[in-house]
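Just the heavy atoms: all of them, side chains too, but no hydrogens, waters or symmetry mates, feed the values below. Both ligands and their constituent atoms are indexed starting at 1 by order of listing.
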Amino acid sequence: MTAFLNGCFLPLEQARVSPLDRGFLFGDGIYEVIPSYQGVPFLLEAHLERLRRSLSAIRLRDPMGDRGWRDMLEELLARNPGGDRAIYLQVTRGVAPRDHAFPVATEATVFAMVNPIQPPRPETTAQGEGAILLPDERWGRCDIKAITLLANVLARQMAVEQGAIEAILLRDGRLTEGAASNVFVVHGDVVRTPPLDRGILPGITRRFVLDLLEGHSRPVFEEAVLESDLRTADEIWLTSSTKEILPVTRLDGQPVGAGRPGPVWRETLELYQRAKNDARGARVAESGDG
Ligand code: PDD
C-alpha cells in the first residue's frame, strides 16, 4: 500500500516519523476519515471543510491548501487502485524539542493512507449489533476531530470486551455520541439525534442522513436524547464514514424495540446507498471516463 508523508508517496512500511513528533508526544494534531467508493471520494467538500475547521480550532495553519489536498488525495487513490477505501489523513504540529507550548517555525507533519472499507457482515444487516452505554469521560472540545482519542479508545475497548460493536456515551443523562460514531434514535416514525455542540463531532454522515430524511419528508429532529429515550427506542442507529448506517438491536444486552433492524433504518439505508451510487455516477460522467 502506498502512503503519503510530508510531500512524498512511499510504501507504508517505509514511512517514518520522529519520536519528537508532537502527535506522538502530545496527541497534538487532527485527522479526517474520508470514504471513497471505486476511486471516487464521497462528500469530499464536507470532509475538507471539517479538516480546515479542525486545523483552525487547534491554531494550525493549513499546510496543503484546498488544491493541495485534492491533488494529493487523487494521487493517493490512483496509487492504491480499486475497491472501496477509507482515506485516513492526519496533520500534527510537527517535530520539535518537547515543550507543551507551540514550537516556533516548525513544519506540520502530514500523513495519509488508505484502508479497505469492510462491507457490513451479513449478520449485521440481518440481526443488527450490540452496543453498551457508558459515561462520556472525554474533554470539552469533542467537536474537534483531534487525534487525542484515549477516552474513545478505552470506551470502545469496553464495548468489544462485552461483545458489542460500540460504546454509546452519556453526559449528565443525555446522549452525546458513540466512541467513533454519531447516534440516531427512532420512536414510531420520528427520528432524533442530539444537536451539535462542543460535546460531539459534527459527523459528515450524520449531516448527510439528516438531509436525506428531510428531503423525504420524514419527521426528524436535532434535539436532546435522554438515557430513557435510548432504553425505550424502537430503533437505534450508528452513523460514520466507515460504518455508514448501522442498526443497534441490543443495548446493554437488552433488545432494542423488536430486537431486529427496523423498517426506518432499512428505508434510510436504501436512500443512502442510492445517493452514494448517484454521487459516484455523477463524478464518473463529469470526468468522462465512464
Ligand atoms: N470516526 N463521532 C466520533 C467520535 C467519530 O470518531 C466519528 C467517526 C463520528 C462520525 O463522523 P463521520 O460521519 O464524519 O465519519 C462521530 C471515524 C470514522 C474514525 O475515527 O475512524
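Annotation: the span from Met64 atom CE to Met72 atom CE amounts to 4.0 Å, rounded to 0.5 Å.
For atom 13 (O) of ligand 1, the nearest non-hydrogen atom of the protein is Thr205 OG1, 2.6 Å. In this structure, atom 10 (C) of ligand 1 lies nearest to the protein heavy atom Asn182 OD1, 3.6 Å. Scanning the protein heavy atoms around atom 21 (O) of ligand 1, the nearest turns out to be Val33 CG2, 3.7 Å. The nearest protein atom to atom 11 (O) of ligand 1, hydrogens excluded, is given as Gly203 CA, 3.5 Å; this is a heavy-atom distance. What sits closest to atom 6 (O) of ligand 1 on the protein, heavy atoms only, is Ala180 CA, 3.4 Å. Ranking protein heavy atoms by distance to atom 1 (N) of ligand 1, first place goes to Lys145 NZ, 3.4 Å. Summary of contacts: the protein heavy atom closest to atom 2 (N) of ligand 1 is Glu177 OE1, 2.7 Å. Summary of contacts: the protein heavy atom closest to atom 20 (O) of ligand 1 is Tyr31 OH, 2.7 Å.
When hydrophobic clusters are built by joining Ile, Leu, Val, Met, Phe, Trp and Tyr residues whose side-chain heavy atoms come closer than 4.5 Å, directly or via intermediates, Phe208 is not grouped with Ile200. Ile204 and Leu44 end up in different hydrophobic clusters when Ile, Leu, Val, Met, Phe, Trp and Tyr side chains are linked at under 4.5 Å.
For Arg52 and Glu32, the salt-bridge test fails: no basic side-chain N is under 4.0 Å from an acidic carboxylate O. For Arg207 and Glu222, the salt-bridge test passes: some basic side-chain N is under 4.0 Å from an acidic carboxylate O.
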Stepwise side chain to side chain contact (heavy atoms under 4.5 Å, CB included) test for Val91 and Tyr31: CA-CA 6 Å; Val91 185; Tyr31 76 109; over 6 Å; no

Worked verdict on Leu210 versus Thr193 for side chain to side chain contact (heavy atoms under 4.5 Å, CB included): CA-CA 9 Å; Leu210 285 170; Thr193 193; 4.0 Å; yes

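Close N/O approach between Arg50 and ligand 1 is found [any backbone or side-chain N/O within under 3.5 Å]. Residue Ser241 has at least one N or O atom closer than 3.5 Å to an N or O atom of ligand 1.
Residue Ala179 places a heavy atom less than 4.0 Å from ligand 1.
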